[in-house]
Amino acid sequence: MGDRLLEVRNLKKYFKTKEGMLHAVDDVSFNINKGETLGLVGESGCGKSTTGRAILRIHEPTDGEVIYNNENILKYDKNKKKKMLRKMQIVFQDPYSSLNPRLSVFDLIADPLYVNKIYKTKSELSDRVKEVMDLVGLEQRLINSYPHELDGGRRQRIGIARALALRPEFIVLDEPVSALDVCIQAQILNLMNKLQEQLGLTYLFISHDLSVVRHVSDVIAVMYLGKIIELSDYKSMFIDPKHPYTQALLSAIPVPKVGAKRERIILEGDVPSPVNPPPGCGFYGRCKYREDICKEKTPELLNIGEGRYVACHFVK
Amino acid sequence: MSKNKNLLDIKNLTIHYGTDSGTVYAVDNLNLDIGYGETLGFVGETGAGKTTTALGIMQLIPNPPGKIIDGEIYFEGENLLNKTEKEMRDIRGSKISMIFQDPMTSLNPVMTVGDQIAEMIKLHDKVTNEEADKRAKEMLEVVGIRKERAKDYPHQFSGGMKQRVVIAIALACHPSLIIADEPTTALDVTIQAQVLELMKDLKVKYDTSMIMITHDLGIVAEICDNVAIMYAGSVIEYADVNSLYNNPLHPYTVGLFNSIPDLDSEQEELQVIKGHTPDPTNLPSGCPFHPRCPQAMDKCSKEKPNRIEVEPGHFVNCFLHEKTNKL
Ligand SMILES: Nc1ncnc2c1ncn2[C@@H]1O[C@H](COP(=O)(O)OP(=O)(O)OP(=O)(O)O)[C@@H](O)[C@H]1O
Ligand SMILES: Nc1ncnc2c1ncn2[C@@H]1O[C@H](COP(=O)(O)OP(=O)(O)OP(=O)(O)O)[C@@H](O)[C@H]1O
Ligand SMILES: [Mg+2]
Ligand SMILES: [Mg+2]
């Protein structure tokens with residue numbers, strides 16, 4: 001086991017909305033070791049992006065602690081926060097909308113370096129931009145191109161290059177391959193893997209695609225309605241999912257093999273609203289094992305041994 | 001190939017878009033057929049021409065910039081390209097329906113879902129308003145939505161439910177062919193599973209033929225009988241699902257399978273297809289895949305490979321398999 005780099009404790013992010021308080025992230029805790037990848041999965045709106053953003057203080061958390069290298073970074077003042085953010089970066093899903101269309105590839109990658117006043121001379125700056133382009137496999141001839149002239153795969157490489165420019169240790173990857181075709185997706189996944197090894201990076205990898213998450217993660221956390229309901233090493237999660245929601249989620253993945261028929265669990269209904277959620281288990285309404293206790297008491301994420309954690313009254 | 005055996009028979013379909021940056025060769029000499037009750041998976045990367053083919057069948061290609069340059073589309077034995085716009089309007093919805101990726105492109109936000117289904121029924125069948133409303137409610141129940149909700153508006157439904165309403169509209173007149181263009185791409189996996197399950201049931205119940213456009217080979221394995229793999233505007237491999245998954249022949253198809261992370265095994269690195277999708281205004285000479293093909297030969301950049309039947313019912317456009325064919 002590696003050293004712990006990040007520790008998220010009882011993280012909460014609530015949004016005030018017209019309908020009431022929206023519990024986007026509701027008491028989430030997990031750790032990530034140096035050089036490892038935690039995969040965060042779950043369906044649309046369950047709070048994955050908000051978790052990633054709250055850790056980086058893009059959204060200031062409502063409550064909780066984010067311990068990075070043994071310091072609670074939520075306590076940092078503006079100045080320290082800015083320094084800290086050099087070490088912690090984010091890559092977004094849609095490489096198109098997240099890149100300023102008026103900036104060239106050079107300017108896009110140089111931008112974080114300018115902002116943080118890292119290099120004194122133009123030639124130092126330009127060397128670093130070229131170096132980062134090499135790192136992410138962007139051809140040097142593209143240095144003066146604009147995002148709209150490039151395909152999705154290359155645009156995502158720019159997003160990654162921007163994140164890498166400041167030599168971070170930790171990167172939140174928020175659906176970095178979801179907008180890409182499988183062929184390009186495979187290229188980017190291989191790149192992320194290579195960079196992790198080469199630079200010793202630590203990732204929080206957010207995705208709704210379970211085969212992708214299984215491929216990249218050391219540990220997987222499954223989120224439902226703002227909470228982590230199961231966390232375990234990637235192998236155990238797939239071999240023997242414990243939470244009824246994880247079981248349904250894994251059984252729903254269409255497998256690209258013929259004859260590989262899995263027992264499919266079709267869930268009734270939809271995810272309930274995260275606005276003013278009632279007490280009890282968020283999965284109550286869709287769970288076939290539900291009992292009265294599930295409606296009354298919110299199950300805690302408990303250690304069930306072998307580094308596995310499950311939030312269900314009936315999994316011990 | 002007899003024209004009557006197949007429900008749909010597309011021959012040499014070629015569709016171009018005229019744009020500022022040149023002519024987009026969106027569909028290039030495409031051949032495809034689909035039988036009664038069959039579900040065909042139609043797979044390819046972004047820009048391969050899947051949606052354009054579907055719009056071509058429906059005669060809904062935006063013109064300009066789009067134009068059907070060549071080809072024939074036989075549906076129930078008649079060439080759709082010879083139909084008038086009025087005849088096509090009758091066919092759309094009653095005989096061929098299309099389901100789009102985003103349900104909101106097909107739903108009217110200011111009309112109740114019940115009325116939207118009823119309207120489709122009234123458009124094609126001579127029925128009273130009461131009869132249409134009754135059938136609309138039945139269709140809602142068929143797709144697993146309580147009939148009391150007929151008076152609700154689209155925004156009152158979740159994404160998965162909206163897509164079911166679209167399916168209810170598509171099925172309302174019992175068409176013989178449904179073209180579903182990435183119908184579940186916008187949905188979460190557990191909701192996708194609900195919708196796919198529904199489509200499977202309905203297909204059996206109504207014996208509808210279906211073209212399932214998708215980039216997800218998992219979905220194809222689950223619900224399709226046959227698969228056509230499309231690359232740069234034409235079909236480069238076609239087979240029944242078993243043959244294609246157990247014995248993919250075209251190097252592009254092989255690469256596609258290798259790119260998907262496997263759920264059951266450890267892979268340090270994914271095998272990737274190198275390079276990028278070709279520029280649709282300037283397709284490579286010869287085989288359009290040759291610049292990216294790990295097994296490309298001299299010939300591949302010079303000549304376009306013809307379709308060959310490697311095993312009964314398994315077709316591929318690739319010179320690598322020519323010899324096998326002649327044996
Ligand atoms: N700025 C905001 N103001 C109000 N509500 C928000 C805001 N950002 C997110 N939410 C809500 O918080 C919840 C969690 O959203 P989040 O974007 O974290 O989900 P997600 O798991 O990333 O979903 P997706 O897979 O669709 O990206 C959702 O209900 C969302 O509508
Ligand atoms: N209205 C249009 N005008 C100009 N070009 C178009 C138009 N519609 C499509 N194209 C081009 O035609 C080609 C085929 O597009 P099409 O939408 O059929 O692909 P697709 O296989 O459905 O892709 P996707 O998986 O992204 O939906 C692409 O190069 C596309 O850019
Ligand atoms: Mg998100
Ligand atoms: Mg399309």
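- Only the backbone of B/S265 comes within less than 4.5 Å of a heavy atom in chain A; its side chain stays farther off.
- Of the atoms belonging to B/V220, not a single heavy atom falls under 4.5 Å from chain A.
- Neither the backbone nor the side chain of A/K194 comes within less than 4.5 Å of any heavy atom of chain B.
- Scanning both residues, B/I273 and A/C183, for their nearest heavy atoms gives CD1-SG, 3.6 Å.
- Remark: the backbone N or O of A/E43 is not paired with any side-chain donor or acceptor of B/D188 at under 3.5 angstrom.
- At a threshold of 4.5 Å between non-hydrogen side-chain atoms, the residues B/D262 and A/R214 do not count as touching.
- Only the side chain of B/D216 comes within less than 4.5 Å of a heavy atom of chain A; its backbone N, CA, C and O stay farther away.
- When all heavy atoms are compared, the tightest approach of A/I184 to B/H276 is CD1-ND1, 4.4 Å.
- Contact detail for A/P254 and B/Q192: the closest heavy-atom pair is CG-NE2, 3.2 Å.
- Both the backbone and the side chain of B/E45 come within contact range of chain A, with heavy atoms under 4.5 Å apart.
- Proximity of B/E268 to A/E197: side-chain heavy atoms (C-beta onward) are separated by under 4.5 Å at one or more points.
- Both the backbone and the side chain of B/L263 come within contact range of chain A, each with at least one heavy atom under 4.5 Å from a heavy atom of that chain.
- Side-chain contact between B/E222 and A/K257: absent, with no pair of heavy atoms (C-beta onward) separated by less than 4.5 Å.
- Considering only heavy atoms from C-beta on, B/E266 stays 4.5 Å or farther from A/H215 through its side chain.
- A 6.0 Å sphere centred on CD of A/E268 holds no more than 12 heavy atoms belonging to other residues, nucleotides or ligands.
- Note: A/S44 leads A/G42, A/S251, A/S44 in heavy-atom pairs under 4.5 Å with chain B.
- Residue with the most contacts toward chain B among A/I266, A/N193, A/V216: A/I266 (heavy-atom pairs, distance under 4.5 Å).
- Surrounding OH of A/Y289 are at most 12 heavy atoms belonging to other residues, nucleotides or ligands under 6.0 Å away.
- Residue A/D209 holds its CG atom at 10.0 Å from CD1 of B/I260, rounded to the nearest 0.5 Å.
- Here the OG1 atom belonging to B/T190 is positioned 10.5 Å from the CZ atom belonging to A/R264, to the nearest 0.5 angstrom.
- Enclosure of atom CD in B/Q156 by more than 12 non-hydrogen atoms of other residues, nucleotides or ligands within 6.0 angstrom is indicated.
- Around atom CD of A/E306, no more than 12 heavy atoms belonging to other residues, nucleotides or ligands sit under 6.0 Å away.
- Between A/L267 and B/Q194 the shortest heavy-atom distance is O-NE2, 2.5 Å.
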Given A/D151 and B/T277, is the side chain to side chain contact (heavy atoms under 4.5 Å, CB included) satisfied, shown in steps? CA-CA 9 Å; A/D151 60 280; B/T277 29; 5.8 Å; no
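- Residues A/L249 and B/V189 form a side-chain contact, since some pair of their non-hydrogen atoms from C-beta on lies under 4.5 Å apart.
- Side-chain atoms of A/N190 come within 3.5 Å of backbone atoms of B/L270 as a donor-acceptor pair (strictly under, hydrogens ignored).
- Proximity to chain B is limited to the side chain of A/Q185, based on heavy atoms less than 4.5 angstrom apart.
- Going from atom CG of B/D264 over to atom CZ of A/F238 covers 9.5 Å, rounded to the nearest 0.5 Å.
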